[in-house]
Amino acid sequence: MRVWPGQPYPLGATWDGEGVNFAIFSENATAVELCLFHRNEDGEEFARIPMRERTDQVWHCYLPDARPAQLYGYRVHGPYKPEEGHRFNPGKLLIDPYAKAISGSIKWSNSLFAYKVGSPKEDLEPDFANSAAGVPKSVVVDSAFTWGNDRPPRTPWNRTVIYEAHVKGMTARHPGVPEDIRGTYLGLVADPIIEHLLSLGITALELLPVHHFVTDRHLADKGLTNYWGYNSIGYFAPDVRYARGGLMHQVYEFKSMVKKLHSAGIEVILDVVYNHTGEGNHMGPTLSLRGIDNKAYYRLEPDNPRFYTDFTGTGNSLNMLHPRTIQLIMDSLRYWVTEMHVDGFRFDLAPVLARELFEVNRLGTFFDIMQQDPVLSQVKLIAEPWDVGPGGYQVGNFPIGWAEWNGKFRDSIRHVWKGDAGHVAELATRLSGSSDLYQWTQRGAYAGVNFVTAHDGYTMWDLVSYEQKHNEANGENNQDGHNDNISRNWGVEGPTDDPKILEMRFRSMRNFISTLAFSQGVPMLSHGDEIARSQKGNNNAYAQDNELTWMDWQLDDRRKALLDFTRAAFALRLANPVLRRRHFFNTGEKKDGVKELIWLAPNGQEMTDAQWHDANNRALGMLIHGEATDEHDDRGRPIKGDTLLLLVNPGDGECRFTIPDLTGPGVWATLVDTARPHSKAVRDHTVVLAPYSLVLLRFGTERRIATDVEPLHQKAEAVQ
């Protein structure tokens with residue numbers, strides 16, 4: 001093949017309509033070879049091209065005869081000295097970190113390791129066996145795609161409702177999705193799925209990792225897989241396992257998915273794993289970055305660079321002190337926004353990205369770069385605000401422009417509806433937007449992404465059905481996963497036919513869903529919670545790519561009713577601006593003597609200091625005056641909403657609540673009661689809350705109640 005010098009930028013393999021430019025960074029390599037492979041069944045290597053040009057530590061060449069769909073990889077030469085941090089081994093074929101597509105999955109064998117497996121010297125004795133047969137190939141991609149008039153929905157944070165989902169798990173069992181696209185990017189935008197999301201009021205679909213990922217050898221040996229995908233090896237490549245077609249189709253099908261979701265007004269947020277890769281610790285395989293430049297890309301122990309600094313619990317952490325590592329991440333993020341049209345990111349173990357030395361630095365280099373970037377600063381940025389390193393729990397500490405998974409909301413709401421005493425004060429804080437966490441960083445209520453469950457942990461049904469984890473299927477003797485789940489089974493561990501227990505379980509889920517929908521902040525539903533999806537008590541189902549984790553769409557009457565209830569709850573959130581404010585409540589008195597927010601005790605009076613600190617007091621009223629708001633719309637007009645009263649009774653006995661007598665014409669109407677069907681209006685200024693229940697009331701005119709509330713009562717009666 002003809003070989004021209006090419007250019008050092010852009011990194012990766014770039015098709016320009018005439019040929020392909022190849023460019024790869026390595027600071028410490030002594031030589032780099034570009035390897036080309038046939039697309040036949042054997043996929044043998046047919047060319048090995050020395051990359052003789054090196055500019056600013058980037059090795060590059062241009063092949064005028066190469067075309068899209070060409071398979072390639074790299075072999076990188078240099079010292080194999082793990083004790084000095086170098087692990088070069090030209091016997092190992094390496095995946096391009098900038099590959100836009102990757103051909104398939106790893107085929108495990110000892111050849112994938114740069115050292116002699118089983119040697120008494122462990123990783124210190126190199127093994128130069130050729131690994132090409134087991135390593136998936138990088139693919140040259142033609143990026144052309146007809147986007148038409150695609151535009152990002154740009155849903156404001158205060159109107160955002162997030163749905164966390166797994167690409168395959170959503171549709172693998174859906175009878176309404178054509179069988180040939182179930183479990184794929186295209187299946188995720190089949191009409192029944194789009195309709196389901198819209199019926200719930202979802203505005204953003206947050207996908208578990210779709211970057212091409214590795215299934216660890218120990219899982220593959222057990223017949224398991226890395227189902228969740230938190231083991232990335234290709235930061236630019238959509239995983240081929242979710243595509244229906246062949247080479248490059250994962251790129252086109254992903255783009256088609258995004259375009260169709262945008263057409264429905266739904267944003268796409270990617271869960272991204274830039275804190276580590278799938279190459280593991282010092283005994284892991286050599287697949288990409290380790291063999292390209294281990295010392296540049298990974299965080300190594302300063303006193304012994306043979307070993308990796310591990311803030312992630314996976315064996316390695318990316319080296320955020322090196323500018324080329326930061327460039328890799330930033331280039332990847334910009335690619336997904338500009339080329340793939342995604343609308344935001346949720347960063348797995350985000351504190352790792354801020355560890356400049358060992359402490360978490362809230363104003364670290366990564367966050368400074370993100371804040372000034374004209375592209376990335378304009379999309380939704382969500383942090384998982386904890387890692388496994390020292391000082392890794394950073395809820396509330398991320399900078400302006402970032403939202404965070406609010407783990408304190410999750411834990412508080414679980415404690416409350418489990419029936420634990422002493423949580424009423426924190427409940428109030430979480431219902432009103434967690435200003436204790438986010439106001440000091442001058443962020444609004446949007447900064448907290450509220451959730452009760454997520455992919456990691458129990459599903460909502462399991463949260464109310466199990467008190468002990470049941471992870472035996474993972475093959476780790478039930479030692480994996482969290483032990484403290486703040487769960488309650490209501491009398492029986494796991495499945496039961498007892499109608500009283502089933503009623504309490506479904507009531508508990510209605511409580512969770514209502515609290516999530518009616519709290520300030522950004523709500524996030526975990527896929528399947530609206531239809532009582534179960535993982536049979538497995539709270540760490542990361543390795544289960546089977547019916548244990550796939551959504552079961554065959555719904556009985558109770559599950560259909562829960563779905564209807566969830567739809568109604570989030571419709572109420574959308575219809576009432578006071579439930580989705582942009583700013584925190586002003587708890588001081590207004591000029592007319594009315595407060596935006598008042599916390600009420602069961603006697604109808606404002607909570608006293610003593611009641612806040614009374615561990616026996618569990619009931620709480622949250623009165624939001626719709627006419628006393630400081631909120632304004634985009635044109636500066638005051639947002640006047642309904643006056644709402646949220647009542648919670650997490651105790652085991654009935655609670656009689658006195659309803660305040662507001663000035664002006666109107667009556668109180670019950671919109672939601674999680675325990676029972678309800679009457680249209682409250683006539684005697686008293687509401688009796690059943691044990692473990694939530695009630696939402698609205699103050700309005702008789703006529704409005706008759707015309708607006710009636711459908712809600714009909715739905716509530718069907719639910720309960």
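A quick note: this is a predicted structure, and the numbers were derived from the prediction, not measured. Throughout, numbering of the chain's residues begins at 1 and tracks the sequence.
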Please walk me through it: do Tyr446 and Trp402 pass ring-ring contact (aromatic ring centres under 6.0 Å, His included)? CA-CA 9 Å; Tyr446 78 88; Trp402 285 74; over 10 Å; no
Leu562 and Asp529 have their tightest heavy-atom pair at CD2-O, 3.6 Å
Kindly assign one of parallel, tilted or perpendicular to the pair His341 and His262, based on the angle between their ring planes and the thresholds 30° and 60°. parallel
Excluding sequence neighbours, so at least two apart, what forms side-chain contact (heavy atoms from CB on, under 4.5 Å) with Ala571? none
Partner residues of Arg559 under the salt bridge (charged side-chain N to carboxylate O under 4.0 Å, His left out) criterion, sequence neighbours left out: Asp552
When you look at NZ of Lys536, are more than 12 heavy atoms from neighbouring residues, nucleotides or ligands closer to it than 6.0 Å? no
To the closest 0.5 Å, what do you measure between CE (Met622) and OG (Ser519)? 7.0 Å
Does the Gln520 side chain pair with the main chain of Val578, one donor and one acceptor, at a distance under 3.5 Å? yes
Arg507 (side chain) donor-acceptor with Arg510 (main chain) under 3.5 angstrom: no
Measure the shortest side-chain to side-chain distance between Val672 and Leu572 over non-hydrogen atoms and say whether it is less than 4.5 angstrom. yes
Side-chain contact, heavy-atom cut-off 4.5 Å: Leu646 with Leu694? yes
So Trp668 and Asp661, side chain to side chain contact (heavy atoms under 4.5 Å, CB included) or not? Walk me through it. CA-CA 9 Å; Trp668 286 102; Asp661 187 7; over 6 Å; no
Quick check: do Tyr242 and Met257 have side-chain heavy atoms less than 4.5 Å from each other? no
Within a reach of under 6.0 Å around CD of Gln468, are more than 12 heavy atoms found that belong to other residues, nucleotides or ligands? no
Give a yes/no verdict on a cation-pi contact between Arg173 and Trp553, requiring under 6.0 Å between NZ or CZ and the six-membered ring centre and an angle within 45° of the axis. no
Backbone N/O of Tyr466 and side chain of Ser487: donor-acceptor pair under 3.5 Å: yes
When rounded to the nearest 0.5 angstrom, what distance separates CG in Asp462 from OG in Ser534? 3.5 Å
With a 3.5 Å distance limit and no angle check, can you tell me whether Arg505 reaches the backbone of Trp461 through a side-chain donor-acceptor pair? no
How about Phe585 and Ile624: do any of their side-chain heavy atoms sit closer than 4.5 Å? yes
Does the side chain of Thr549 come within less than 4.5 Å of Asn538's, by heavy atoms? no
Does His625 use its side chain to pair, donor to acceptor, with the backbone of Leu623 at less than 3.5 Å? no
Going by the rule salt bridge (charged side-chain N to carboxylate O under 4.0 Å, His left out), which residues pair with Asp343 if we only count those two or more places apart in sequence or in a different chain? none
side-chain contact (heavy atoms from CB on, under 4.5 Å) partners for Ala517, two or more places apart: Ala569, Phe570
Quick check for you: to the nearest 0.5 Å, what is the distance between Leu597 atom CG and Leu431 atom CG? 9.5 Å
Hits for side-chain hydrogen bond (donor to acceptor under 3.5 Å, both in side chains) against Thr515, two or more places apart or cross-chain, chain-then-number order -> Trp417
Expected output: side-chain Ser693 to main-chain Thr674 donor-acceptor under 3.5 Å: no
Keeping the roles fixed (side chain from Asp673, backbone from Ala675), state whether a donor-acceptor pair exists under 3.5 Å. yes
Charged N to carboxylate O under 4.0 angstrom, Arg346 versus Glu164? no
Member of Val452, Ile486, Asp484, Asn406 meeting the side chain to side chain contact (heavy atoms under 4.5 Å, CB included) criterion with Asp411: Ile486
Taking only residues two or more places apart in sequence, or in another chain, which ones meet Asn450 in a side-chain hydrogen bond (donor to acceptor under 3.5 Å, both in side chains)? none
Quick one: do the Thr459 and Arg533 side chains pair a donor with an acceptor below 3.5 Å? no
CG-CD1 distance between Leu381 and Ile400, expressed to the nearest 0.5 angstrom: 13.0 Å
Residue list, side-chain hydrogen bond (donor to acceptor under 3.5 Å, both in side chains) with Arg430, at least two apart or on another chain: Glu426, Ser434, Asp436
The criterion is salt bridge (charged side-chain N to carboxylate O under 4.0 Å, His left out); which residues satisfy it with Lys380, sequence neighbours excluded? Glu267
Within the distance-only criterion (no hydrogens, no angle test), does the side chain of Ser432 pair as donor or acceptor with the backbone N or O of Thr429 below 3.5 angstrom? yes
Between Thr453 and Phe512, does a side chain to side chain contact (heavy atoms under 4.5 Å, CB included) hold up when you go through it step by step? CA-CA 10 Å; Thr453 62; Phe512 283 131; over 6 Å; no
CZ (Arg159) with more than 12 external heavy atoms under 6.0 Å: no
With Arg488, which residues qualify under side-chain contact (heavy atoms from CB on, under 4.5 Å), at least two apart? Lys418, Glu467, Trp490, Tyr692
Of Val189, Leu186, Leu188, which meets side chain to side chain contact (heavy atoms under 4.5 Å, CB included) against Ile181? Leu186
Using a 4.5 Å cut-off on heavy atoms from C-beta on, say whether the side chain of Leu198 contacts that of Ile266. yes
What is the ring orientation for His166 with Tyr227, classed by angle as parallel under 30°, tilted 30 to 60°, or perpendicular over 60°? parallel
Measuring from Met524:CE to Ile382:CD1, what's the distance to the nearest 0.5 Å? 8.5 Å
Non-hydrogen atoms of Gly621 and Leu647 that approach each other most closely: CA-CD2, 3.8 Å
Partners of Asp498 by salt bridge (charged side-chain N to carboxylate O under 4.0 Å, His left out), sequence neighbours excluded? none
Tell me, do Leu270 and Val210 make a side-chain contact under 4.5 Å, heavy atoms counted? yes
What is the distance from atom CG of Leu697 to atom CG of Leu644, rounded to the nearest 0.5 Å? 9.0 Å
Under the ring pair (Phe, Tyr, Trp, His ring centres under 6.0 Å) test, which residues partner Phe451, sequence neighbours left out? Trp405
With sequence neighbours left out, the residues meeting side-chain hydrogen bond (donor to acceptor under 3.5 Å, both in side chains) with Asp191 are Lys260
Would you find more than 12 non-hydrogen atoms of other residues, nucleotides or ligands less than 6.0 Å from Asp556 atom CG? yes
Any donor-acceptor pair under 3.5 Å from Trp440 side chain to Gly396 backbone: yes
Report yes if the side chains of Phe506 and Val464 come closer than 4.5 Å at any heavy-atom pair, otherwise no. no
Donor-acceptor check, side chain of Glu404 to backbone of Phe398, threshold 3.5 angstrom: yes or no? yes
